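Single-structure report; data block below.
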There are 2 protein chains.
Amino acid sequence: MKQNEKISPAVIRRLPRYLRALEDLENSNTERISSGELSALIGYTASQIRQDLNHFGGFGQQGYGYNVKDLKAEIEKILGLGRQYKMVIVGAGRLGQAINSFISSYSDDFCVTSLFDVKEELIGKEKHGVLIRAVDDLTAYLKENPTDIGVITVTKENAQSACDALVAGGVSGIWNFAPIDLERPAGIPMENVHLSDNLHSLVYYINHPEQI
Amino acid sequence: MKQNEKISPAVIRRLPRYLRALEDLENSNTERISSGELSALIGYTASQIRQDLNHFGGFGQQGYGYNVKDLKAEIEKILGLGRQYKMVIVGAGRLGQAINSFISSYSDDFCVTSLFDVKEELIGKEKHGVLIRAVDDLTAYLKENPTDIGVITVTKENAQSACDALVAGGVSGIWNFAPIDLERPAGIPMENVHLSDNLHSLVYYINHPEQI
DNA sequence: ATATCCTTGTTAATATTATCACAACCCCTG
DNA sequence: CAGGGGTTGTGATAATATTAACAAGGATAT
């Protein structure tokens, strides 16, 4: 990265999109790509693509474009991929199981080591090869088994205490699926997936198609 | 809405957040709320809250603030809630089932009428009281049973054809969980939930906590 | 009634984000 | 190895989005 420049969140949210496009290109054995071609593929302007990438360094070559393999490697490095992230999921209901299944099939870079739940009847069972433990044991488990990411898929009512337990256990980041904005110490990143909010936005645009 | 003013997507994405806060306030029997108090609750500046709401009309009163019940009703009206939206889910795997379960427990405003899948062994079964049909019958089903929203929870490879079938069947909007940007006719709104992108952004901030 | 206190709606200022435009300069062809 | 074509990196400009500031006017207390 150039200096200690603060990168805008808008740029960061686009990086995974670039990565997906580059993976597709690599799979189709494309060796090089220009910002203009990338623009046609993913819809951002060529100018924006060049400016985004330039926040992190000049990965392209004039008259040539970008080397697909190299650029993909650079973006993976920027994001911090290339090592394994250990995860736990708090909430072993349908959503927790779906996320567990998604992660295990998605990439070896992410590994769910345990699920947690309050429900007696779930504790001790396995889902997708992952053991469900009692949520009371969460913090203790995390201290024994250092974990990078905590996923919250419990109800709104239980989300804050799940978050507190994850923080107490020393996770580095939180992925929250509960429809609530959780309190946490500064410096702990959190990504929210608010399904209901998302659905409501969709409904707005269904009713105002002229605004799309 | 004031005139035919085009409302920025940034504003639209905040409306569901306001709605959530107002629901909580209503549940705790709070009658009135000022933009300053709302700001403390949800983190947006008071100025932004007032400006957002004013795009749609003056719902507040000087020296008093906003009436919780009324403001909630206004935002529901703006979003287009208050009627039932019929939905189908294409992809009856874990994610599809999780979304189905989420929706049925979330609100009566949304109703999943059918799941669809390619897998022979799933077709004819019921999940959460909803029948799984063959994806080949999707468009025909939609023509018989007018549907507002199509949810895509199939693999990346099958997502575009699912999208095409939904559009051919006349859905008004699409909620896409596949990690791909789908082609569709202009005027069909689509909300994307790209879990992998989201996870990658989280990983970036885990590795650059100073940038939060 | 009246005066004070609040809080909105709204305009202006600032900050952030996206686009444009082009010089620099590398690839590629012959 | 020279010239034409193509593409980047980047500073300037435009567009959006957010925050600040305050006049207008209702709520509340007395």
Side-chain angles (χ1 to χ4, degrees), chain A residues 1-3 5-18 21-22 25 30-72 74-75 78 201 204 211-212, chain B residues 1-3 5-18 21-22 25 30-72 74-75 78 201 204 211-212:
Chain A
M1 190 175 330
K2 286 177 174 177
Q3 326 284 5
E5 185 190 356
K6 147 92 178 165
I7 309 290
S8 121
V11 176
I12 302 307
R13 278 195 308 277
R14 282 192 292 269
L15 291 179
R17 182 67 194 83
Y18 295 133
L22 290 165
L25 288 165
T30 309
E31 227 174 63
R32 63 184 247 190
I33 185 104
S34 70
S35 58
E37 291 165 330
L38 249 187
S39 170
L41 282 176
I42 67 186
Y44 310 149
T45 66
S47 195
Q48 180 164 68
I49 293 170
R50 291 201 300 279
Q51 206 175 47
D52 280 356
L53 297 177
N54 256 91
H55 283 116
F56 305 98
F59 305 137
Q61 249 180 328
Q62 286 144 327
Y64 176 88
Y66 301 85
N67 177 287
V68 170
K69 231 182 252 299
D70 292 350
L71 184 55
K72 174 165 165 280
E74 290 288 355
I75 293 179
I78 293 163
S201 302
Y204 176 86
Q211 301 220 0
I212 298 173
Chain B
M1 191 174 331
K2 286 178 176 178
Q3 326 283 5
E5 185 191 356
K6 147 93 177 163
I7 308 289
S8 122
V11 176
I12 301 307
R13 278 195 306 278
R14 281 192 292 268
L15 291 179
R17 181 69 194 83
Y18 295 134
L22 290 165
L25 287 166
T30 310
E31 225 173 65
R32 62 185 250 191
I33 185 105
S34 71
S35 59
E37 290 165 332
L38 249 187
S39 170
L41 281 177
I42 67 187
Y44 309 150
T45 65
S47 195
Q48 180 163 69
I49 293 170
R50 291 200 301 279
Q51 206 174 47
D52 281 355
L53 297 178
N54 258 92
H55 283 117
F56 304 99
F59 305 135
Q61 249 181 328
Q62 286 146 326
Y64 176 89
Y66 300 85
N67 177 288
V68 170
K69 230 182 254 297
D70 292 350
L71 184 56
K72 174 165 165 279
E74 290 288 356
I75 292 179
I78 294 163
S201 301
Y204 176 85
Q211 300 220 0
I212 298 173

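Lettering of chains follows the sequences in order, A, B, ..., and the numbering in each one begins at 1. These numbers were taken from a predicted model, which means no experiment stands behind them.
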Length of the line joining B/His55:NE2 and C/dT8:P, which is rounded to integer Å:
16 Å
With sequence neighbours left out, the residues meeting side-chain contact (heavy atoms from CB on, under 4.5 Å) with A/Glu37 are A/Ile33, A/Ser34
Interatomic distance, A/Leu53 CG vs D/dT8 P [rounded to whole Å]:
9 Å
Axial bend angle, the helix from C/dA1-D/dT30 to C/dG30-D/dC1: five-pair end segments, nearest 10°
30°
Pairwise salt bridge (Lys or Arg N to Asp or Glu O under 4.0 Å) hits with a residue in residues 38-49 of chain B, at least two apart:
none
Distance-only donor-acceptor pairs under 3.5 Å for side chains of residues 59-71 of chain B, two or more places apart:
residue: B/Asn67; atom: OD1; partner: B/Lys69; partner atom: N; Å: 3.0
residue: B/Asn67; atom: OD1; partner: B/Asp70; partner atom: N; Å: 2.9

Test side-chain hydrogen bond (donor to acceptor under 3.5 Å, both in side chains) applied to A/Ser201 - qualifying residues, sequence neighbours left out
none
Between CD1 of B/Ile7 and C1' of D/dA17 the distance, given in whole Å, is 13 Å
Rounded to the nearest angstrom, tell me the gap between atom CG in B/Leu71 and atom C1' in C/dG9.
14 Å
If you take all heavy atoms of B/Ala21 and B/Leu38, which pair is closest and at what distance?
CB-CD2, 4.0 Å
Confirm from the modelled atom types if A/Gln51 and C/dT19 form a donor-acceptor pair under 3.5 Å, side chain to base only.
yes
To the nearest angstrom, the CD-C1' distance between B/Gln61 and D/dA24 comes to 14 Å
Pairing residues for B/Arg14 by the salt bridge (charged side-chain N to carboxylate O under 4.0 Å, His left out) criterion, not counting sequence neighbours
B/Asp52
In whole angstroms, the gap separating P of C/dT8 from CG of B/Asn67 amounts to 13 Å
Mind checking salt bridge (charged side-chain N to carboxylate O under 4.0 Å, His left out) for B/Arg17 and listing every partner two or more places apart, or none if nothing turns up?
A/Asp181
Within residues 32-50 of chain A, the residues having a heavy atom closer than 4.0 Å to DNA chain D are A/Ser34, A/Ser35, A/Arg50
Which nucleotide sits closest to the side chain of A/Ala10: C/dA18, C/dC25, C/dC27?
C/dA18
Nearest-Å distance, CG (A/Asp52) to P (C/dT19)?
10 Å
Answer with yes or no whether A/Gln62 presents, from its side chain, a donor or acceptor under 3.5 Å of a partner atom in the base of D/dT7.
no
Has A/Tyr66 got a side-chain N or O lying under 4.0 Å from the OP1 or OP2 atom of D/dG9?
yes
With rounding to the nearest 0.5 Å, note down the distance linking CD1 in B/Ile42 to CG in B/Leu22.
8.0 Å
Excluding sequence neighbours, so at least two apart, what forms side-chain hydrogen bond (donor to acceptor under 3.5 Å, both in side chains) with A/Thr30?
A/Ser28
Just the rounded figure in Å: distance from P of D/dC22 to CG of B/Asn54.
19 Å
Would you say B/Tyr64 places a side-chain N or O within less than 4.0 Å of OP1 or OP2 belonging to C/dG9?
no
